[in-house]
Amino acid sequence: MTALQDFDGYHRPNGLVGVRNHVLVLSVTGLTTAPARQIGAAVQGCHVVTMPYSTGLIGQDREVHYRALVGLACNPNNGAVLLISDHKPKAETLAQAIKAEGQTVQILTLNEVEQDPVDLVAKGTRMAAQLAKDLSSQRRAPAPVSALRVGLKCGRSDPSSGLIANPSTGAFIDQLIAQGGTAIFGEVVEWIGAEHLLAARAASAEIADRLVTLPAGREASAMTTGLDLMGSNPSPTNIAAGLSSIEEKSLGGISKTGSTPIMGVLDYAETPQGSGLFAMDTPNYAPEHLTALAAAGCQIALFTTGAGNSFVSGLMPTIKICGNKVSCQRLFQQFDVRLDDLIETAAPLPTGSRRIAEATLDVANGQMTWGEILKQGDDVVSRFGAAL
């Protein structure tokens with residue numbers, strides 16, 4: 001197999017490499033959501049992330065929320081951050097954590113404009129415009145493929161996902177990791193029925209134990225609420241597309257992780273230490289899962305689907321991959337990699353893997369995904385418990 005080529009990216013002071021150069025407008029309270037969106041709409045090159053809640057979070061949610069905000073701000077696809085909040089002390093605390101990771105960040109709060117959202121938009125627009133102007137002078141430079149951290153997701157899966165799209169992705173991930181790259185997968189419930197196969201690839205007994213206990217915990221948690229997990233996954237869309245059980249879905253789903261050892265199990269939005277393949281404790285729902293991957297520093301997501309799933313990350317260019325001929329013909333502006341001509345061939349995986357590799361490096365070099373062209377994408381952090 002031909003070695004993956006280097007790509008041209010944006011080199012950050014902390015050594016990471018971005019494939020995009022956003023000014024991130026990060027609103028950390030619901031009070032500033034609308035002004036943040038107005039600022040982002042007025043300035044070219046901005047991506048806006050808004051969090052509708054902050055004050056009142058407790059316990060695990062407070063910890064996850066803070067970690068995710070720092071992680072999203074420090075995603076290497078952001079060249080600078082405009083942090084917008086209500087109270088300056090709260091914003092300064094978060095900004096210090098972001099600066100400690102080597103990211104450029106400026107702060108603007110409602111307190112500084114006497115609670116006037118109109119003034120907040122006017123001042124924030126000027127600040128974001130200056131940051132965008134500064135970033136526009138940066139140039140891409142060669143970077144090794146080992147600098148890539150790729151997130152993995154599947155959604156609205158069907159039999160073609162497990163037969164062609166996921167195993168082709170897995171073959172590419174093996175190649176990426178062999179050259180020093182990193183990949184992260186999650187969707188814990190969709191490990192059910194395949195836990196033993198994941199555990200057999202764990203780099204330690206502790207990792208193997210978490211790969212088994214995490215899905216069991218999710219299942220038990222659902223049962224305490226009276227929810228029949230087996231009645232909700234596979235979803236009605238999966239069943240209509242031809243999947244019969246969660247075990248069948250899981251066995252197809254984990255094939256996108258390839259065959260390399262699993263080096264660790266990350267908490268939600270946690271950044272991996274080192275390279276290789278990592279699992280993450282995430283929900284299945286695409287917005288929550290992709291946001292966790294972006295907060296963990298993934299620059300690109302590979303998203304396989306059978307019936308079609310239009311959601312993409314706002315921070316990570318999300319490459320949609322499909323092997324379903326009907327879906328590819330019907331939703332051709334949703335899929336960046338079509339594999340539907342390979343499903344009936346004798347040896348489809350090498351060709352599928354090569355197409356995914358080419359698309360990944362093209363996107364890393366600046367080619368836009370359909371999701372970016374159509375201005376889709378959003379980010380949302382998971383909630384796990386009650387609030388004050």
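None of these values were measured; they are calculated from a predicted model.
The side-chain heavy atoms of Val337 and Leu339, taken from C-beta on, include a pair separated by under 4.5 Å. Residues Phe384 and Tyr268 have side chains in contact (heavy-atom distance under 4.5 Å, counting atoms from C-beta outward). Within the 4.5 Å cutoff, no side-chain heavy atoms of Asn77 are placed close to those of Asn21. The shortest side-chain heavy-atom distance between Leu94 and Ile98 falls under the 4.5 Å cut-off. When side chains are defined from C-beta on, Gln103 does not count as touching Val70, because their heavy atoms never get closer than 4.5 Å. Side-chain contact between Met263 and Thr182: absent, with no pair of heavy atoms (C-beta onward) separated by less than 4.5 Å.
Looking only at distances, a side-chain donor or acceptor of Arg355 sits under 3.5 Å from a matching main-chain atom of Arg338. Of the possible donor and acceptor atoms, none in the side chain of Tyr10 sits under 3.5 Å from a partner among the backbone N and O of Gln138. Formation of a donor-acceptor pair under 3.5 Å by the Asn166 side chain with backbone atoms of Ile254 is not found in this model. Here the side chain of Thr345 pairs no donor or acceptor atom with the backbone of Asp341 at under 3.5 angstrom. One N or O on the side chain of Asp158 and one on the backbone of Ser160 form a donor-acceptor pair closer than 3.5 Å. Side-chain atoms of Asn365 come within 3.5 Å of backbone atoms of Asp8 as a donor-acceptor pair (strictly under, hydrogens ignored).
Shortest non-hydrogen contact noted between Ala269 and Met280 is N-SD, 3.6 Å. Residues Ala132 and Val43 share a closest heavy-atom pair of CB-CG1, 3.9 Å.
Seen from the ring of Phe303, Lys320 counts as a face-on cation partner, given the 6.0 Å and 45° thresholds.
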Residues Glu187, Lys153; criterion salt bridge (charged side-chain N to carboxylate O under 4.0 Å, His left out); working and verdict: CA-CA 8 Å; Glu187 306 174 273; Lys153 173 77 180 98; 2.6 Å; yes
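The distance from atom OG1 of Thr257 to atom CD1 of Ile184, rounded to the nearest 0.5 Å, is 13.0 Å. Once rounded to the nearest 0.5 Å, the distance linking NZ of Lys133 with CD of Gln44 reads 11.5 Å. Taken from OG1 in Thr360 to CG in Leu4, the straight-line distance is 8.5 Å, to the nearest 0.5 Å. Taken to the nearest 0.5 Å, the CG atom of Asn14 stands 7.5 Å off from the SG atom of Cys74. Atom OG1 of Thr109 and atom CG of Asn111 lie 4.5 Å apart (nearest 0.5 Å). Expressed to the nearest 0.5 Å, how far CD1 of Ile262 lies from CD1 of Ile207 amounts to 8.5 Å.
Side-chain contact, Ser259 with Asp174: a donor N or O sits under 3.5 Å from an acceptor N or O. In this model, a donor atom of one side chain and an acceptor atom of the other lie less than 3.5 Å apart for Ser27 and Thr32.
When the shell of 6.0 Å around CZ of Arg210 is examined, it contains more than 12 heavy atoms from other residues, nucleotides or ligands. More than 12 heavy atoms of other residues, nucleotides or ligands shown are found within 6.0 angstrom of NZ on Lys90.
Ion pairing between Arg67 and Glu63 holds under the 4.0 Å rule for side-chain N and carboxylate O. A salt bridge does not link Arg383 to Glu288: none of the charged nitrogens lies less than 4.0 Å from a carboxylate oxygen.
Among the candidates Ser250, Cys154, Pro167, Ser168, the single residue satisfying the side chain to side chain contact (heavy atoms under 4.5 Å, CB included) test with Ser255 is Pro167. A side chain to side chain donor-acceptor pair (under 3.5 Å) with Arg156 is found for exactly one of Thr237, Thr304, Asn324, namely Thr237.
The aromatic rings of His47 and His22 sit tilted, their planes meeting at an angle between 30° and 60°.
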